[in-house]
Every structure is written in structure tokens, then in C-alpha cells.
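Before any comments, here is the structure.
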Amino acid sequence: MKVLDLGCAHGHVFEGWFASEEDYQAQRERGLLECPVCGDRQVDKRLSAPYVQTRRGGDEPPAAPPSAAQQAELLQRLREWVRGAEDVGERFAEEARAMHHGDAPTRRIRGRASLAEAAELWDEGIAVLPLPDTPLLDDKALH
């Protein structure tokens, strides 16, 4: 059994289990490999550095990257959160400030803000979570 670290063109990393290197190559050539997170079929081997314990005792091995299932679950939860948030578009910073100061009802919002606007919100004590502008989160991918 051969366990390989694989990755897609979108940067998702996941494990693949194959009977041999030849089995991996054959599946890749036939287009059978697919990212479990986004479905991308442009999958390649990634470099992997196995953990080798050099000391006994309290040292913990480095944390493993999230599994494909964990990445898929996180993406699904993020999609659900985005789907349930009101899209305020370019008024994001204005709406976030209004909610923070009690001038607008508190609710989940999403929209667009520049990096400078997001930094100003943080400086004012308003927590924001910047998300990439990706088709994986847009409304077409959500429905």
C-alpha cells in the first residue's frame, strides 16, 4: 500500500491510497483522481515530509494538515454561513459600523470591503473575517 499526499490546482491537499506507484500513475492517466473538496481533476503528488521522532518524551509530532473530509466539512459550513448572511454589497463597512454602534439591528452580513476598510474596522474593535473571492463560495455554488 502506498499513501501519497495529493493536491489540486486550487491548493486543497489530501491523501490518496494506492496499491503501488504504478496504480497511482494509471489512475492519474485515466483521469480517475479528483479533489474531494472541489472536484478538480487536475491532481498531482505533493511533497511530503514524514515525521521521524528523534527524541523520546514530551515532544509532540507536528500537527497533520486537515484531511480532505475535514476540508470538505469546513467548506460546507462556510457555504451555509455565507448563504445565511445578508449581502450588503459595497455597504459592508458602513453596515458593520452601524451594527457595532447600535444604529442597525445585529445580524449576519456579508459584502465587499477594501483591505484598508477591513483594517479600519479591526482598529475600531469590529471583528471581520475576510474571505477570498472564489466561485466555491458564490451564490451559484451555494444552490
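The figures here come from the full heavy-atom set of this structure, side chains too, leaving out hydrogens, waters and symmetry mates.
Atom CZ in R97 sits 12.0 Å away from atom CG in D103 (nearest 0.5 Å). The CD atom of E94 sits 11.5 Å away from the CG atom of L121 when rounded to the nearest 0.5 Å. Separation of atoms CG (L74) and CZ (R77) is listed at 8.0 Å; rounding is to 0.5 Å. In this structure, the separation between CG on L75 and SG on C38 is 8.5 Å, given to the nearest 0.5 Å.
A chain of hydrophobic side-chain contacts below 4.5 Å, direct or via other Ile, Leu, Val, Met, Phe, Trp or Tyr residues, connects L4 to L33.
For the residue pair W17 and E15, a side-chain donor N or O sits within less than 3.5 Å of a side-chain acceptor on the partner.
Judged purely by atom type and a 3.5 angstrom limit, R41 has no side-chain atom pairing as donor or acceptor with the backbone of E34. Put simply, the side chain of D40 gets close to the backbone of A9: a donor and an acceptor are under 3.5 Å apart. Counting only distance, with no hydrogens or angles, the side chain of R91 and the backbone of G111 share no donor-acceptor pair below 3.5 Å.
Within the 4.5 Å cutoff, the side chain of E22 has no heavy atoms near those of the Q25 side chain. Two residues are said to be in side-chain contact when any heavy atoms from C-beta on lie closer than 4.5 Å; E73 and Q70 fail this criterion. Side-chain atoms of W81 and R108, non-hydrogen and from C-beta on, do get closer than 4.5 Å to each other. M99 is listed as a side-chain neighbour of R107, based on a closest heavy-atom distance under 4.5 Å. Using a 4.5 Å cut-off on side-chain heavy atoms (C-beta onward), V37 and F14 make no contact. Y24 is not listed as a side-chain neighbour of K2, based on a closest heavy-atom distance of 4.5 Å or more. Contact check for E117 versus F92: no side-chain heavy atoms found under the 4.5 Å cut-off.
Ionic pairing of K45 and E21 is present here: one or more N-O contacts between side-chain nitrogen and carboxylate oxygen are shorter than 4.0 angstrom. With respect to the salt-bridge test (charged N to carboxylate O, under 4.0 angstrom), the residues D44 and R28 qualify.
The 12-atom threshold is not exceeded at CD of Q42, counting heavy atoms of other residues, nucleotides or ligands nearer than 6.0 Å. R112 CZ: 12 or fewer foreign heavy atoms inside a 6.0 Å radius. Counted within 6.0 Å of CG on L115, heavy atoms from surrounding residues, nucleotides or ligands total 12 or fewer; the atom is thus considered open.
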* Kindly determine whether V82 and D87 satisfy side-chain contact (heavy atoms from CB on, under 4.5 Å), including the steps that lead there. => CA-CA 9 Å; V82 169; D87 187 356; over 6 Å; no
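Taking all atoms of both residues into account, the shortest heavy-atom contact from A72 to P36 is CB-O, 4.2 Å. The two residues G125 and H100 have their closest heavy-atom pair at O-CE1, 3.8 Å.
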